[in-house]
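Contents: one structure, followed by commentary.
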Amino acid sequence: MPELTAGQSINKALELILETYENSFIAGEDIGIYGGAFGVTEGLLQKFGEERIKDTPIAEDVIAGLAVGASMTNSLPIVEMQFSDFIVNAMDPIVNQAAKLHFMYGGAVNVPIVIRGASGGGTGAAAQHSQSLESWFCHVPGLKVVTPSNPQNAYDLLLHSFVDQNPVILMEHKLVYKQKSNVTLNPIPDIPDLIGKAKIVKEGKDITVVSYSNMVNVVLEALNSDELTGIEAEVVDLQTISPLDIETILKSVSKTKKLLVVQEAPSHSSVGTTVITRVVGSEVFTQLDSSPKILSGLHSPMPSAKHLESAVIPQTDDVVEFIKNMV
Amino acid sequence: MPELTAGQSINKALELILETYENSFIAGEDIGIYGGAFGVTEGLLQKFGEERIKDTPIAEDVIAGLAVGASMTNSLPIVEMQFSDFIVNAMDPIVNQAAKLHFMYGGAVNVPIVIRGASGGGTGAAAQHSQSLESWFCHVPGLKVVTPSNPQNAYDLLLHSFVDQNPVILMEHKLVYKQKSNVTLNPIPDIPDLIGKAKIVKEGKDITVVSYSNMVNVVLEALNSDELTGIEAEVVDLQTISPLDIETILKSVSKTKKLLVVQEAPSHSSVGTTVITRVVGSEVFTQLDSSPKILSGLHSPMPSAKHLESAVIPQTDDVVEFIKNMV
Amino acid sequence: MSTTTETKLELHKMMMLIRLFEEALEEMFSRGLLHGTMHLSIGQEATATGACLALEKEDLITSTHRGHGHCLAKGADPYKMFAELLGREDGYCRGRGGSMHIADLSNGNLGANGIVGGSLTISVGAALSFQLQKKDNIVLCFFGDGAVNEGSFHEALNLASLWKLPVLFLCENNQYGMSMASNKAVAGESIAARGNSYGIKSIQIDGNDVEEVYKTVKQYKNEILETKTPRFIEAVTYRYRGHSKSDRNLYRTSDEINYWKEEKDPIKRFIGKLQEEGLTAEELKKLDEEVVSLIRTSVKKALDSPLSPKTNLEEDSYA
Amino acid sequence: MSTTTETKLELHKMMMLIRLFEEALEEMFSRGLLHGTMHLSIGQEATATGACLALEKEDLITSTHRGHGHCLAKGADPYKMFAELLGREDGYCRGRGGSMHIADLSNGNLGANGIVGGSLTISVGAALSFQLQKKDNIVLCFFGDGAVNEGSFHEALNLASLWKLPVLFLCENNQYGMSMASNKAVAGESIAARGNSYGIKSIQIDGNDVEEVYKTVKQYKNEILETKTPRFIEAVTYRYRGHSKSDRNLYRTSDEINYWKEEKDPIKRFIGKLQEEGLTAEELKKLDEEVVSLIRTSVKKALDSPLSPKTNLEEDSYA
Ligand SMILES: Cc1ncc(C[n+]2csc(CCOP(=O)(O)OP(=O)(O)O)c2C)c(N)n1
Ligand SMILES: Cc1ncc(C[n+]2csc(CCOP(=O)(O)OP(=O)(O)O)c2C)c(N)n1
Ligand SMILES: [Mg+2]
Ligand SMILES: [Mg+2]
């Protein structure tokens with residue numbers, strides 16, 4: 001069981017896919033000799049050649065569009081959006097094409113593509129290279145959206161996303177790439193049963209903290225704070241943010257009677273507001289003994305300066321603060 | 001006080017703006033001799049000429065991008081996305097540029113642009129011409145998002161959006177264009193004080209129904225149903241969906257103790273989930289005497305067939321059903 | 001390469017089928033049987049017909065919002081198309097797609113597309129599959145003159161040229177977008193010249209001469225497979241009807257429309273040619289009657305067929 | 001049109017200023033004083049310098065992620081730029097923009113842009129303002145060879161040509177995107193040829209010859225104002241450093257890099273020319289010392305200046 005960063009475990013998953021499925025290929029900007037802006041595709045060009053590791057021009061629209069066309073014709077494309085912010089240039093193929101073709105054509109076609117993008121802030125990359133845009137894709141019927149938080153689920157969720165017959169958007173947080181831990185290199189699954197499943201990463205009885213992507217790590221770190229000794233928080237890592245695993249969330253909240261959602265993205269029209277709406281719209285509403293809260297990034301573009309950036313992104317102190325106030 | 005459709009009242013507002021501000025212009029596809037796909041710009045070319053009524057090629061990216069550049073250089077652009085679905089091709093100029101420049105450049109520039117788009121379903125235009133994508137833009141800091149529901153506020157909100165110094169996305173529902181009523185042709189305001197203000201369109205004490213865009217009309221129609229006689233619903237037309245007028249909403253809900261949100265867009269990561277999250281996250285939470293609900297469009301692309309389309313979009317019967325179950 | 005008589009009669013019948021199919025739609029529309037709008041290709045039948053009949057079934061096409069002709073010419077069943085526009089269960093998309101979104105995978109039609117330029121990058125991806133799978137087939141990508149100005153056009157052509165993909169870009173230049181004349185919308189010499197600028201061999205042809213379209217597509221398909229490089233055709237044609245049902249035709253003169261109807265109609269012209277070559281009025285009548293009755297029976301069958309049931313549409317949204 | 005000695009010395013000093021400014025940044029970065037990454041234009045100084053010094057203050061530029069040189073050459077204060085990269089209140093963006101997002105409207109710089117191709121459509125809009133306002137100024141749009149393949153490039157050039165907008169597109173072809181050689185990324189003859197394909201007069205020049213850049217931009221600006229049509233310049237240059245701080249330069253040889261450093265360095269070459277024309281070592285030394293001390297004092301002042309205060313960032317997001 002090797003110790004790997006998430007960047008490396010994703011690389012291993014990609015390698016396994018390419019070895020196993022001859023009709024799979026990867027396309028994206030600087031994924032070849034450069035190995036990807038975050039090193040995720042390092043070594044794959046050398047192993048699989050230019051035919052299957054396709055370095056593209058800087059042209060996100062055709063990168064996503066070719067994935068759609070290829071997937072309709074017995075290829076299995078995995079494409080990379082170097083920074084997920086650039087996915088703004090690929091919205092038509094993703095939203096008007098990939099998401100809708102299966103439904104629009106009456107079920108006659110599937111669009112089994114995986115679109116990976118590096119998301120999130122905290123690296124000083126400023127407003128156009130730090131966004132967490134995953135909520136947009138959750139709002140689009142026909143897409144699935146997956147957000148790993150550590151090396152193990154980054155590996156597993158990529159394999160499952162690949163096997164899933166729907167277009168899957170994988171938002172990989174830049175800070176998650178750097179997370180390091182032992183990874184079990186599971187085989188490619190027959191059924192993508194991890195997609196749509198949340199995970200209880202820490203059990204507790206006093207409050208349910210629902211989070212996803214890198215914020216799961218921030219939450220877990222916050223729980224080590226002395227200020228929270230005695231408080232047993234249950235932490236739910238959504239893993240898939242569309243479709244939501246509402247059962248797991250409801251089960252936890254009906255036990256703890258308290259709900260806090262922590263996300264890096266701003267609150268308005270986001271995953272977090274959806275979690276809260278689903279919970280208060282359920283029978284669990286009557287069991288809540290305090291007002292459910294969301295701790296989100298500020299409604300502001302990402303500033304470049306470190307001290308301002310950390311004011312926009314929820315920090316461990318903020319999590320501690322919220323939990324203290326709620327329990 | 002002339003009787004006008006919303007399409008006509010918007011046309012009047014555009015005319016007043018063009019007459020009043022020499023540095024204003026309109027750009028978009030088929031807005032000239034054709035008068036716009038929905039007739040909204042009819043007659044403007046004849047009045048103001050090609051210099052200011054700018055028919056563009058089919059190229060949404062540059063349509064939005066030129067608005068950004070023009071607004072930074074003392075012009076006042078209003079651009080049209082023929083169907084708001086095509087805004088997918090203009091996401092970079094809107095989201096990475098217009099929304100962020102003011103903040104990113106430390107307040108040194110403003111981007112006072114108006115982007116109008118025809119949104120929504122019910123016309124049999126199918127999945128790529130019927131979307132309600134407004135929630136995406138609410139999720140983006142730096143943008144304001146406005147959604148008229150009738151000829152009067154379509155007129156007023158366009159004028160106020162124009163005067164607002166921020167980039168404003170106006171989502172005009174295709175069925176709202178056809179709404180007809182008497183319109184007071186107010187002058188251009190000095191301060192855009194309507195932006196960010198919700199409106200109580202019907203007072204009541206039994207339940208608060210929050211809605212926006214064409215669904216406000218569906219809600220009002222539903223309230224005439226015999227099945228609801230005796231029930232006094234208070235109807236809040238958000239009018240601006242970002243920023244949200246949370247005060248007006250809280251005031252109403254603390255009076256009625258019940259909240260239903262009705263929107264055409266699917267629920268996940270939407271305006272409606274935001275309204276509910278803000279309400280249950282406030283002190284009003286304890287006053288709620290029933291679980292707040294959202295009635296939204298299905299999580300499905302829009303089908304073309306009429307009987308399937310009406311299954312995706314909330315109908316008056318659905319509203320009646322929800323209210324009956326809640327009161 | 002000369003065209004056989006048999007092929008010529010096929011070309012004529014297909015143009016007639018498309019014309020009568022869309023005239024039947026117009027009639028249904030005026031009777032209020034259709035929900036939504038539609039985009040008719042009446043006047044442009046030669047391009048769809050000549051192009052698709054030059055292909056094999058295994059070759060693929062991507063189509064546009066004005067795609068009825070492409071779909072029929074690639075082998076679709078008019079009954080299933082009528083059924084689709086009427087929201088019936090037997091429709092190609094079970095009533096979920098409608099006029100703008102008919103796909104017919106069984107005959108190699110990857111689907112119509114409501115987004116201008118939306119099919120260009122998809123065709124590139126399909127061509128990449130052929131390349132990776134070492135298939136001797138091509139993807140023919142239909143698009144209009146208006147799509148030439150979309151960013152997706154640029155990205156698709158650039159990549160197809162760089163990667164030497166087996167795709168034939170076919171621009172149906174009917175000289176207008178919705179209302180904008182293409183010469184006001186496309187900078188530079190011509191649309192074919194724009195194709196050349198990507199290092200893609202390009203040609204401008206008479207899109208209303210069905211035989212010229214047929215021959216050019218056949219030749220270019222062979223060149224694509226031999227040289228392993230893409231090709232580009234600008235087929236000049238004209239639409240008689242408004243852009244969609246709401247069009248008042250303010251942007252062009254009736255003289256212009258009539259000129260194309262009288263002087264340049266693809267069906268008329270081809271009939272003239274066939275008659276010069278000896279086709280008798282009787283033979284022609286017989287051919288056309290077959291088409292007429294096919295349309296009649298298809299319409300009737302579609303109108304009699306059951307509506308698409310209200311299934312769980314949220315489940316239908318996912319594979 | 002010959003360049004005055006005074007101008008030549010300005011050109012030299014500006015290239016030196018840019019080089020030393022970025023070398024100072026490198027040093028700060030290695031000392032861990034900078035948050036995030038940055039894109040250095042070391043080796044490309046001639047393009048930014050020649051282009052911007054050929055403009056008037058009222059002319060506008062749009063810039064890129066590799067924009068320090070454009071910004072300085074258009075007249076920015078190095079102190080405020082250092083302050084910006086250090087997150088100080090005196091920074092051009094009060095610490096909110098950083099390296100990739102410096103704008104300096106007072107000097108006609110509409111701003112750097114982190115999105116490849118993001119500034120092209122913006123420049124078209126600014127040029128439209130000039131046209132509508134009947135101003136005798138132009139917008140110079142900087143972009144890299146990698147941006148040529150984005151859809152936004154296509155839409156911007158097509159519209160600028162159709163609408164005859166006063167914009168000068170200036171492609172800094174440093175021969176690589178991030179890692180991809182531009183000849184693998186741009187189909188067709190050349191980048192300049194792509195400009196021509198939109199009916200825009202285009203030229204390829206030596207982007208490391210500061211005088212050639214200066215003269216060509218001056219000439220093209222005049223042509224733009226006289227003919228009321230846009231122009232396009234492909235300036236061939238080379239970046240010495242990696243794309244950004246994380247680049248390991250695997251996609252090019254050190255021989256290639258050294259060749260450009262030794263044989264083609266814009267500053268070296270121009271010094272040689274100035275000396276041929278009689279500039280003495282002393283005069284040169286004096287000029288350079290001015291630049292050195294300006295950088296030194298600017299860095300020091302910036303390091304001593306206060307951090308940008310934590311204001312209400314949500315309020316700051318709106319005008
Ligand atoms: C991205 C996008 N922008 C705009 C439209 C609206 N629209 C539909 S068809 C059309 C005209 C297309 O012209 P052309 O490509 O020449 O095809 P034609 O209609 O002439 O067959 C327009 C503007 C659209 N469907 N998609
Ligand atoms: C839309 C978009 N895609 C990708 C990137 C990531 N990226 C930043 S710079 C760069 C290379 C740009 O190459 P070029 O335009 O030649 O400019 P250069 O870096 O050579 O100065 C890439 C791929 C981006 N910033 N924006
Ligand atoms: Mg056309
Ligand atoms: Mg470059």
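Residue numbering restarts at 1 for every chain, and letters A, B, ... go by the order of the sequence lines.
Neither the backbone nor the side chain of D:F153 comes within contact range of chain A; no heavy atom of the residue lies under 4.5 Å from a heavy atom of that chain. Heavy atoms closer than 4.5 Å to chain D are found in both the backbone and the side chain of A:H307. Of the atoms belonging to D:R94, it is backbone heavy atoms, and not side-chain ones, that fall under 4.5 Å from chain A. Of the atoms belonging to D:D316, not a single heavy atom falls under 4.5 Å from chain A. Heavy-atom distances place the side chain of A:N89, and not its backbone, under 4.5 Å from chain D. Proximity to chain A (any heavy atom under 4.5 Å) is shown, for D:M180, by both the backbone and the side chain. With a 4.5 Å cut-off on non-hydrogen atoms, A:Q82 touches chain D through its side chain but not through its backbone. At a 4.5 Å heavy-atom cutoff, A:D61 makes no contact with chain D through either its backbone or its side chain. There is no contact between D:N249 and chain A, counting heavy-atom distances below 4.5 Å. Contacts of A:F86 with chain D are made by side-chain atoms alone, with heavy-atom separations under 4.5 Å and no backbone atom involved.
Top candidate by heavy-atom pairs under 4.5 Å with chain A, chosen from D:V186, D:V116, D:D247, is D:D247. Across D:G98, D:G97, D:S182, the residue that shares the most heavy-atom pairs under 4.5 angstrom with chain A is D:G97. When D:M38, D:M100, D:E150 are compared by the number of non-hydrogen pairs under 4.5 Å with chain A, D:E150 comes out ahead.
Rounding to the nearest 0.5 Å gives a distance of 12.5 Å between OG1 of A:T56 and NZ of D:K184. Considering CG of A:D30 and OG of D:S179, their distance stands at 3.5 Å, rounded to 0.5 Å. A distance of 13.5 Å separates CG of D:L86 from NZ of A:K306, quoted to the nearest 0.5 Å. Within the model, atoms CG of D:N312 and OG of A:S300 stand 9.0 Å from one another, a figure rounded to the nearest 0.5 Å. Here D:I115 contributes atom CD1 and A:H129 contributes atom NE2; the two are 5.5 Å apart, rounded to the nearest 0.5 Å. For the atom pair NE2 (D:H101) and CD (A:Q128), the distance works out to 4.5 Å, reported to the nearest 0.5 Å.
A:Y34 approaches D:R248 most closely through the heavy-atom pair O-NH2, 3.5 Å. What you find for D:L313 and A:P303 is that their closest heavy atoms are CD1-CG, 4.3 Å.
When only modelled atom types and interatomic distance are considered, A:E309 and D:H35 share a side-chain donor-acceptor pair under 3.5 Å.
Two residues are said to be in side-chain contact when any heavy atoms from C-beta on lie closer than 4.5 Å; D:S99 and A:S304 fail this criterion.
At most 12 heavy atoms of other shown residues, nucleotides or ligands fall within 6.0 angstrom of atom CD in A:E50. Heavy-atom contacts from other residues, nucleotides or ligands closer than 6.0 Å to CD of D:E256 number more than 12. Counted within 6.0 Å of NZ on A:K12, heavy atoms from surrounding residues, nucleotides or ligands total 12 or fewer; the atom is thus considered open.
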